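If you're wondering where the values come from, they're calculated on a predicted model, not measured in any experiment. Numbering starts at 1 and runs along the sequence shown.
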Amino acid sequence: MDVMLRLNVGMKSSQHSGVGTLSIGALAARFGLATHVLRHWEAMGLLHPGRDAGGRRRYGPDDVTRVATILILKEAGLGLTTIRSLSTTVDRATRQEILRPAAEELRTRIAAAQASLALIEGGLNCEHEEVTQCPNYQRLIAERTGS
């Protein structure tokens with residue numbers, strides 16, 4: 001599955017009177033975030049909210065999409081600096097260069113999680129009273145000790 005990631009954070013929200021836009025509190029509540037998170041993302045250059053006549057932040061549909069995108073990328077394990085780097089490139093080769101280390105790190109974490117799951121499932125399925133008698137346990141110890 002080939003998924004294209006592009007986060008265009010350079011776009012500014014339209015600066016209108018607030019009709020059809022959200023306040024910082026409303027946007028934060030929509031995603032279950034604290035308002036300081038959105039301010040931090042703005043300081044990092046990930047969000048560019050418009051302002052109303054009183055100077056208050058106003059978030060439009062593009063901002064809602066950007067927040068959802070940032071959250072999805074964070075859930076995928078990417079840090080805000082990496083997300084910002086992705087947001088500034090439209091070049092496929094650069095995007096791949098940014099994502100390659102993240103993919104490798106995720107593969108390593110998945111392998112470690114699979115090994116942990118195998119150990120736990122081995123313990124669940126072992127019929128021995130004493131875990132040290134379990135062949136799966138003994139194999140893991142032998143691998144770890146080089147025996």
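- In this structure, Thr82 contributes its side chain and Leu78 its backbone to no donor-acceptor pair below 3.5 Å.
- Distance CG/Asp62 to NE2/His48: 12.0 Å, rounded to 0.5 Å.
- Cluster membership for Tyr137 and Leu140, using ILVMFWY side-chain heavy atoms within less than 4.5 angstrom, is not shared.
- Taking both residues in full, the closest heavy atoms of Ile70 and Ile83 are given as O-CD1, 3.8 Å, listed atom of the first, atom of the second, then distance.
- A salt bridge does not link Glu42 to Arg66: none of the charged side-chain nitrogens sits closer than 4.0 Å to a carboxylate oxygen.
- In terms of heavy-atom proximity, Glu97 sits nearest to Pro101 at O-CD, 3.2 Å.
- Applying the 6.0 Å contact sphere to CD of Glu104 captures more than 12 heavy atoms from other residues, nucleotides or ligands.
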- Task: Decide side chain to side chain contact (heavy atoms under 4.5 Å, CB included) for Leu27 and Tyr59; before the verdict, give the C-alpha distance in whole Å, the side-chain angles of both, and the deciding distance to 0.1 Å.
- Result: CA-CA 7 Å; Leu27 182 63; Tyr59 297 90; 3.4 Å; yes

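- In the hydrophobic cluster analysis, where Ile, Leu, Val, Met, Phe, Trp and Tyr join through side-chain heavy atoms closer than 4.5 angstrom, Met44 is grouped together with Phe31.
- Remark: side-chain polar atoms of Asn125 are not paired, donor with acceptor, to backbone N or O of Gly122 under 3.5 angstrom.
- Under a 3.5 Å cut-off, the side chain of Thr65 and the backbone N or O of Pro61 do form a donor-acceptor pair.
- Leu106 contributes atom CG, which lies 11.0 Å from atom CG of Leu99 (distance to the nearest 0.5 angstrom).
- A distance-only check finds a donor-acceptor pair linking the side chain of Thr88 to the backbone of Ser85 [under 3.5 Å].
- Residues Asp63 and Arg58 share a closest heavy-atom pair of OD2-O, 4.0 Å.
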- Message: Apply side chain to side chain contact (heavy atoms under 4.5 Å, CB included) to residues Arg139 and Asn136 and explain how you reach the verdict.
- Response: CA-CA 5 Å; Arg139 178 186 55 78; Asn136 185 50; 2.7 Å; yes

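- At a cut-off of 3.5 Å, with distance as the only test, a side-chain donor of Thr35 or Arg39 sits close to an acceptor on the other residue.
- Considering all non-hydrogen atoms of both residues, Leu38 and Ala28 come closest at CD1-N, 3.6 Å.
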- Task: Evaluate the side chain to side chain contact (heavy atoms under 4.5 Å, CB included) criterion for residues Thr21 and Asp52: first the C-alpha distance (whole Å), next the side-chain angles of each, then the deciding distance (0.1 Å), finally the verdict.
- Result: CA-CA 10 Å; Thr21 63; Asp52 66 12; over 6 Å; no

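- Using a cut-off of 4.0 Å between Lys/Arg side-chain N and Asp/Glu carboxylate O, Arg109 and Glu105 are scored as salt-bridged.
- Across Arg30 and Leu22, no two heavy atoms sit closer than the pair NH1-CD1, 3.9 Å.
- The two residues Pro135 and His128 come nearest to each other via the heavy atoms CD-CE1, 3.5 Å.
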